[in-house]
Asker: 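Take this structure, written in structure tokens, and hold onto it; I'll ask about it next.
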Amino acid sequence: MITALAIWMIILAARLTRHPRNRPGVSIGLVDQARELKALGQLQEAVFLVRGETGMSQRAAARFVSRL
């Protein structure tokens with residue numbers, strides 16, 4: 001019983017680290033920086049910036065930048 005509970009807690013902890021609920025939001029400054037990079041034609045740099053600041057995946061960050 002204790003072993004099953006320990007395994008369940010490990011699985012739950014692993015799932016929570018993959019999808020944290022308290023992720024930092026996107027700040028206005030980040031949006032401005034990403035827009036500026038996009039306007040200069042530096043799309044990959046904008047995606048890299050968004051990923052680094054927010055922890056978004058490559059795909060999510062690329063979608064975010066493309067919608068700016």
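Keep in mind that what you see is a predicted model, and the values were worked out from it rather than measured.
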Asker: Take atom CG in Leu40; do more than 12 heavy atoms of anything else shown fall under 6.0 Å from it?
Answerer: yes
Asker: Linking I/L/V/M/F/W/Y whenever their side-chain heavy atoms sit closer than 4.5 Å, directly or via other members, would Val31 and Phe48 fall into one cluster?
Answerer: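 In one cluster with Val31: Phe48, no.
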Asker: Which residue pairs satisfy the side chain to side chain donor-acceptor pair (under 3.5 Å) criterion with at least one member in residues 31-46, sequence neighbours excluded?
Answerer: none
Asker: With side chain to side chain donor-acceptor pair (under 3.5 Å) as the rule and sequence neighbours excluded, what pairs involving residues 55-68 come up?
Answerer: Arg51-Gln58
Asker: Provide the closest heavy-atom pair for Ala61 versus Val50 in the form atom of the first, atom of the second, distance.
Answerer: CB-CG1, 3.9 Å
Asker: Heavy atoms only: give me the nearest Ala46-Ala34 pair and the separation to one decimal.
Answerer: CB-O, 3.8 Å
